[in-house]
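Just so you know, ligand 1 is whichever comes first in the structure, and atom 1 is the first atom listed for that ligand.
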Amino acid sequence: MSFSPVKGMHDIYGEDASEMEEVTNLLKEFAKMYAYKEFIPPIMEYTDVFSRGTGESSDIVRKEMYTFLDKGNRSVTLRPEFTAGLIRGVVSNKLYAEDLPLKYFYCGPAFRYERPQLGRYRQFNQFGVECVGADSPLLDAETIIMAVQSLCVLGFENVSVKINSLGDEESRKAYREALKKYFSSYMDEMCEDCHERINLNPLRILDCKVEHDQEIAKGAPKIKDYLSEASEKRFYKTISYLNDMEIDYEIDENLVRGLDYYSEIVFEIHVKSQAGNDYGAVCGGGHYGGLVKELGGPDLPGVGFAMGVERIVSLLKDNGLRKEQPYLLDFFFMPVGGDEEVINSVFYLMQTTRLLGYSADMAEGGKFSSMFKKAERKKAKFAFIVGTDELEKGVANIKNIETQEQITIDLNKLDEELDKLFEHDECECDDENCECHHGA
Ligand code: HAM
């Protein structure tokens, strides 16, 4: 019997796992610069949180949720996105009683039962932010600027922002009516899903992936002609902040986003793959007016975005932006001679080294050449070589795997000696007598 991962889900290991960690650490640190704090919601919620929050008419809720009954017969759902769960958390914990706006970032897996394809998985990781409790074009703009800058910090240059306004409730009501009228005359030719969409929310027809329906949608009325004066003003105010910050953007009249909670500004960010792969948008977000109230809280708005971490990692790779790690381990310990006493002493030394803050692993004896090959395979920076002779003298030989240079260190001053080995990474001196060991 052989087992494979669940369809659309995948194991992440090796360099992909390191890259993912690096990307998410960078995004988290960057979010902190914008005064965001971490929020860790549960991985599943009662199903109502998503059906009411993410929205009954969205494809996510209609077709893509991992929903099941728990042993207490309650319907629960693995989160298909974070926004609804995070807002449920804000309401459950009455966080809105604090200084507003609340600014939270989050990171972790989300689950959608979609057709697996390039850049589209059934379990994927999102990094995102939500700014809750204040309504201003400045915060909308700040959120977009932050998303763009985060991607630039990761190394991307070809970042393209698409932006649109869905207007306030009044604008969307008028627009929905106009869409209903337009699509009614084409319903006979349109797919089954669109028959449902026209009653649930005709805006969703604009997201339909069926080619013929997309052709029909091209002639549909545009939201910009239905925006209230207030929404139009707000949209152009947000845009003016983007102009001030020289953010490259394009107004995309067809961008409606597939989640029901959006109002006013919506946006998506795409990054070109130099290898020609299309992973879809790396980031999507927007403003939401009624979500906090819908989930039982006060009438507070919010704005946020989420990025697909796997898509970012694939694009970094395609665009040659993945940073080669020079080494993955500080020290690989090699007990020479295979004697049990030496192995035990080396084990103790390795533990001390780890406690001093260095990463380390060891071989349990064996031929010198095979231990050294193992150190290379593990991408260690230094081989830490100790045998009976060295132990008697209280010393160890440290060999730089790349340069093959070797020095002897005093084990009684382990802390100082190891520090010196790494000081050279920052030391730019040309002084041969410098204490830095010159990259030994
Ligand atoms: P979303 O557009 O559904 O928005 O997802 C955000 C990002 O998650 C996408 O741009 C994409 O990079 C990634 N993503 C989505 N589905 C998949 C998948 N099946 N496989 C791989 N990556 C995927 C939201 O989730 C909203 N909650 C964003 C938001 C936050 N709006 C306001 N606040």
Side-chain angles (χ1 to χ4, degrees), residues 7-10 12 20 23-24 27 31 36 39 41 45 49-50 53-55 58-61 63-66 78-88 90 101-132 139-140 142-144 146-147 150-151 154 156 159-163 166 204 207 255-271 273 277-292 301-316:
K7 188 171 176 195
M9 306 197 177
H10 54 297
I12 305 168
M20 211 145 170
V23 164
T24 49
L27 291 170
Y36 280 80
F39 195 102
E45 298 279 351
V49 169
F50 300 114
T54 312
S58 65
D59 273 5
I60 293 180
V61 171
K63 302 184 198 163
E64 296 170 0
M65 294 206 300
Y66 280 88
L78 289 175
R79 64 179 173 225
E81 55 122 19
F82 281 70
T83 313
L86 188 141
I87 297 299
R88 192 276 311 137
V90 164
L102 304 164
K103 286 179 147 188
Y104 291 118
F105 69 82
Y106 48 81
C107 188
F111 304 82
R112 294 184 193 175
Y113 195 81
E114 295 190 79
R115 199 162 61 80
Q117 51 185 291
L118 191 72
R120 198 170 287 285
Y121 311 107
R122 289 185 175 171
Q123 177 176 338
F124 56 98
N125 287 276
Q126 281 191 337
F127 169 86
V129 306
E130 307 297 339
C131 173
V132 186
L139 284 174
D140 293 349
E142 184 189 78
T143 310
I144 299 171
M146 177 183 174
S150 316
L151 292 166
L154 289 172
F156 293 116
V159 175
S160 76
V161 183
K162 292 179 185 217
I163 181 169
L166 297 181
R204 293 283 79 83
D207 299 328
L255 182 70
V256 286
R257 306 267 303 131
L259 300 103
D260 286 356
Y261 45 65
Y262 290 119
S263 56
E264 310 286 359
I265 298 288
V266 286
F267 63 96
E268 261 178 22
I269 305 183
H270 292 253
V271 173
S273 152
N277 293 317
D278 180 8
Y279 298 101
V282 277
C283 175
H287 175 275
Y288 37 89
L291 184 57
V292 184
V303 58
F305 66 74
M307 296 179 171
V309 181
E310 283 82 355
R311 291 187 187 182
I312 291 178
V313 169
S314 302
L315 277 157
L316 286 172

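The closest side-chain heavy-atom distance from R257 to E268 is below 4.5 Å. For the pair P301/E264, no side-chain contact is recorded, criterion being any heavy-atom separation below 4.5 Å from C-beta on. Under the 4.5 Å side-chain criterion, counting only non-hydrogen atoms from C-beta, L166 is not in contact with S263. The closest side-chain heavy-atom distance from L27 to L154 is below 4.5 Å. F305 is listed as a side-chain neighbour of T143, based on a closest heavy-atom distance under 4.5 Å. At least one side-chain heavy atom of P101 sits less than 4.5 Å from a side-chain heavy atom of L139.
For the pair H287 and ligand 1, no heavy-atom separation below 4.0 Å is found. Heavy-atom separations between Y106 and ligand 1 include at least one value shorter than 4.0 Å. Not a single heavy atom of G128 sits under 4.0 Å from any atom of ligand 1.
Nearest protein heavy-atom contact of atom 10 (O) of ligand 1 is A281 O, 3.2 Å. For atom 13 (C) of ligand 1, the nearest non-hydrogen atom of the protein is G308 CA, 3.6 Å. The protein non-hydrogen atom at the shortest distance from atom 8 (O) of ligand 1 is Q126 NE2, 3.1 Å. For atom 7 (C) of ligand 1, the closest heavy atom belonging to the protein is A306 O, 3.6 Å. Scanning all protein heavy atoms for the shortest distance to atom 26 (C) of ligand 1 gives Y261 OH, 3.4 Å. Regarding atom 21 (C) of ligand 1, its nearest protein heavy-atom neighbour is G119 O, 3.2 Å. Protein heavy atom at the shortest distance from atom 32 (C) of ligand 1 is G304 O, 3.3 Å. Protein heavy atom closest to atom 28 (C) of ligand 1, with residue, atom name and distance, is G284 O, 3.4 Å.
A salt bridge is defined here as a Lys NZ or Arg NE, NH1 or NH2 lying under 4.0 Å from an Asp or Glu carboxylate O, and E45 with R79 fails to meet this definition.
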message: For a side-chain contact (heavy atoms from CB on, under 4.5 Å) check, start with the C-alpha distance between M20 and E310, then their side-chain angles and the critical distance, and finish with the verdict.
response: CA-CA 8 Å; M20 211 145 170; E310 283 82 355; 3.4 Å; yes
field: Worked check of side-chain contact (heavy atoms from CB on, under 4.5 Å) between R204 and D260
entry: CA-CA 9 Å; R204 293 283 79 83; D260 286 356; 2.7 Å; yes
Y104 and I87: CA distance, side-chain angles, deciding distance, side-chain contact (heavy atoms from CB on, under 4.5 Å) verdict: CA-CA 10 Å; Y104 291 118; I87 297 299; over 6 Å; no
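Neither the backbone nor the side chain of E268 has any atom closer than 4.0 Å to an atom of ligand 1 (non-hydrogen atoms only). In E130, the part holding a heavy atom less than 4.0 Å from any atom of ligand 1 is the side chain. The part of V282 lying near ligand 1 is the backbone, judged by heavy-atom distances below 4.0 Å. Counting heavy atoms under 4.0 Å from ligand 1, residue C283 touches it through the backbone alone.
Polar contact with ligand 1: absent for F82 (N/O pair, distance under 3.5 Å). Below 3.5 Å of separation, one finds no N or O of Y288 facing any N or O of ligand 1. Note: no N/O pair closer than 3.5 Å links R120 and ligand 1 by distance alone. Looking at ligand 1, you'll find an N or O of E81 within less than 3.5 Å of one of its N or O atoms.
Atom CZ of residue R112 and atom NZ of residue K63 lie 13.5 Å apart, to the nearest 0.5 angstrom.
Ring planes of Y66 and Y113: perpendicular class, angle over 60° (limits at 30 and 60°).
Comparing heavy-atom distances from atom 11 (C) of ligand 1 across E310, R311, R115 singles out R311 as nearest. Relative to atom 31 (N) of ligand 1, the option among Y279, F305, Y262 with the closest non-hydrogen atom is Y262.
Of all the atoms in ligand 1, the ones that sit under 4.0 Å from a non-hydrogen atom of G285 are 31 (N).
A donor atom on one side chain and an acceptor atom on the other are found under 3.5 Å apart for Y261 and T83.
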